[in-house]
2 protein chains.
Amino acid sequence: MAVKKSKRDELVEVAQKLFYQHGFRITGIDTILEHSGVAKRTLYNHFKSKDELVVAALNKRDLEFMAMIKKYVAKFEKQQEGDPKYARILAYFDALSEWFNSDKFNGCMFINASAEYPRKTDPIHVVCENHKRLVLQYISELISEIKLREPDEVALQLSLLSDGAIVCAHTTNMLNAAEIAKTTAMLVLNAYRT
Amino acid sequence: MAVKKSKRDELVEVAQKLFYQHGFRITGIDTILEHSGVAKRTLYNHFKSKDELVVAALNKRDLEFMAMIKKYVAKFEKQQEGDPKYARILAYFDALSEWFNSDKFNGCMFINASAEYPRKTDPIHVVCENHKRLVLQYISELISEIKLREPDEVALQLSLLSDGAIVCAHTTNMLNAAEIAKTTAMLVLNAYRT
DNA sequence: TTAAAAGTACACCGAACAGTATACACAACA
DNA sequence: TGTTGTGTATACTGTTCGGTGTACTTTTAA
């Protein structure tokens, strides 16, 4: 039985999809209303401005993205060879690959948003910054069981690889970017092994 | 003595700066005209549409970016320690660092453009793809004197690191991203050494 | 000198933009 | 029953958007 969604949730869901697929500034309020079948007044009863809706969409995306990645990591973790301590972090790069090859892939929504809202103090830009921090934290967790010389430094390097792969896959359509990043990641992990 | 610029060049120069600093869709034709002091009719005598101006701005940026990077690489090449064969590629990451810390830094203009024009067939998106390919080729050159087991694979890994650093520096304002990437790069080069 | 090329000013177009006003419908709940 | 909260439709605001039409001026080069 389908859970009845509030109008607010419907708006955020539709907005998130359109923003991700086509961009933020190019997607008008009216387009979102058409796709969601909600009245304009209702939108502005829930959100003070388009920017607020953008923030809500990004926050929703943040939750869904983390859930997706964690699901894939759990799935690919079992398929890793070698030392089981490394299974989770290596599965992360397989998770990226799965994401890149999905038909809806259009880069990282937060990197895209940062490009369209470059002012560092802009609430939208701040949300993106926070998301990236969250991913870094997650990567830290994934390597926490491995005994490494400088775990924080390693996490940063892997996070950088992750972003590089995402951008590469998006702008140059190089869908094997995740595998390349995975290769580098193994190198890094090996180098910092105690 | 200053070289007299054509109106076309003036337009492209102003457009490039505004697009890079604020974004593409947010920057209107009228704003570009105000900043350049050129008549609207003149713009549309040189360009069929705003999109054509965007492409011209990106092509100019492509030239200037490569020139900037090459200049910095030449500068930092001399300051590298260790095997001189590695000097150029390591200088590349110092070049990135210099760029990140300049006051005009606002991420990679081509990554930003890809975000705003996501359609893979869009001429604007294609220009971005070509730029990334050019950078990859340049990285290949930088490592060409080093004897490596799989130079193409290494170039891809380093290019990925480069993009990761750029994005990281832009969205999370982590200005030492280039140093982190450099550390990883040294790891990669070491691993593929013959 | 003269004629073409390039640039200007300015009014204008229809469409889209974010956001508001108003009046009405429907549901829940007390 | 009455009230309150939520959503609806529709029209409208003022502004900006990309782009055009036209008539005039300036520059350039044969």
Side-chain angles (χ1 to χ4, degrees), chain A residues 1-58 112-113 115-119 122-125 127, chain B residues 1-58 112-113 115-119 122-125 127:
Chain A
M1 152 177 165
V3 177
K4 190 180 166 189
K5 282 175 201 149
S6 73
K7 295 290 169 181
R8 188 186 192 279
D9 290 349
E10 269 181 58
L11 280 168
V12 176
E13 189 176 329
V14 169
Q16 188 234 47
K17 279 178 185 158
L18 292 174
F19 286 149
Y20 181 54
Q21 220 59 234
H22 305 291
F24 295 88
R25 316 220 91 124
I26 196 71
T27 303
I29 290 292
D30 292 340
T31 309
I32 295 167
L33 295 174
E34 281 166 25
H35 281 77
S36 59
V38 174
K40 187 176 268 197
R41 200 64 242 234
T42 305
L43 191 157
Y44 283 100
N45 282 339
H46 285 294
F47 305 96
K48 273 193 282 189
S49 64
K50 183 188 176 181
D51 277 16
E52 255 194 19
L53 179 57
V54 170
V55 168
L58 286 172
N112 296 350
E116 295 212 52
Y117 301 87
R119 273 186 39 240
D122 192 315
I124 296 171
H125 196 100
V127 171
Chain B
M1 158 176 161
V3 177
K4 193 179 168 191
K5 280 176 202 146
S6 74
K7 295 290 171 182
R8 196 194 128 95
D9 289 350
E10 268 180 59
L11 280 168
V12 176
E13 189 177 326
V14 169
Q16 187 233 47
K17 278 180 185 157
L18 291 173
F19 286 150
Y20 180 54
Q21 219 59 234
H22 306 292
F24 296 87
R25 316 220 90 125
I26 196 71
T27 303
I29 290 292
D30 292 340
T31 309
I32 295 167
L33 295 175
E34 282 167 24
H35 282 75
S36 58
V38 174
K40 187 176 265 197
R41 203 64 245 232
T42 304
L43 191 158
Y44 282 101
N45 282 339
H46 286 294
F47 305 97
K48 274 193 284 191
S49 64
K50 182 186 177 183
D51 276 17
E52 255 194 19
L53 179 56
V54 170
V55 168
L58 286 172
N112 296 349
E116 295 211 53
Y117 301 86
R119 273 185 41 239
D122 192 315
I124 296 172
H125 196 100
V127 171

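Chain A is the first sequence line, chain B the second, and so forth, proteins listed ahead of strands; every chain is numbered from 1.
As rounded to whole Å, 11 Å separates atom P of C:dC17 from atom OH of A:Tyr44. The CG atom of B:Leu33 sits 12 Å away from the C1' atom of D:dC17 (whole-angstrom rounding). Here C:dC17 presents its P atom at 12 Å from CG of A:Leu18, a figure rounded to the nearest Å. For the pair B:Leu43 CG and D:dG19 P, the computed distance is 9 Å after rounding to whole Å. C:dA15 atom P lies 17 Å from atom CD1 of A:Ile26, rounded to whole Å. Here the P atom of nucleotide C:dC10 and the CD1 atom of B:Ile29 are 20 Å apart, to the nearest Å. Following rounding to the nearest Å, A:Arg25 (CZ) and D:dG18 (C1') show an atom-to-atom distance of 17 Å. One interatomic measurement links the two molecules: CG of A:Asp30 to P of C:dT20, which rounds to 14 Å at whole-angstrom precision.
The two residues B:Ile26 and B:His22 make their nearest non-hydrogen contact at CG2-O, 3.0 Å.
With contacts defined as side-chain heavy-atom distances shorter than 4.5 Å, the pair A:Ile32/A:Leu53 qualifies. For the pair B:Ile29 and B:Tyr44, the minimum side-chain heavy-atom distance is below 4.5 Å. Side-chain contact check for B:Asp51 versus B:Val55: every heavy-atom pair is 4.5 Å or farther apart. Within the 4.5 Å cutoff, side-chain heavy atoms of B:Lys5 are placed close to those of B:Glu13.
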Taking only nitrogen or oxygen atoms into account, show me every contact under 3.5 Å that the protein makes with nucleotides 5-11 of chain D, one pair per line with its distance.
{"residue": "D:dG7", "atom": "OP2", "partner": "A:His46", "partner atom": "NE2", "Å": "3.0"}
{"residue": "D:dT8", "atom": "OP1", "partner": "A:Lys7", "partner atom": "NZ", "Å": "3.2"}
{"residue": "D:dT8", "atom": "OP2", "partner": "A:Ala39", "partner atom": "N", "Å": "3.2"}
{"residue": "D:dT8", "atom": "OP2", "partner": "A:Thr42", "partner atom": "OG1", "Å": "2.9"}

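Mapping A:Thr31 and A:Lys48 onto DNA chain C by nearest heavy atom places A:Thr31 at the nucleotide closer to the 5' end.
Taken from CD1 in B:Ile124 to NZ in B:Lys50, the straight-line distance is 8.5 Å, to the nearest 0.5 Å.
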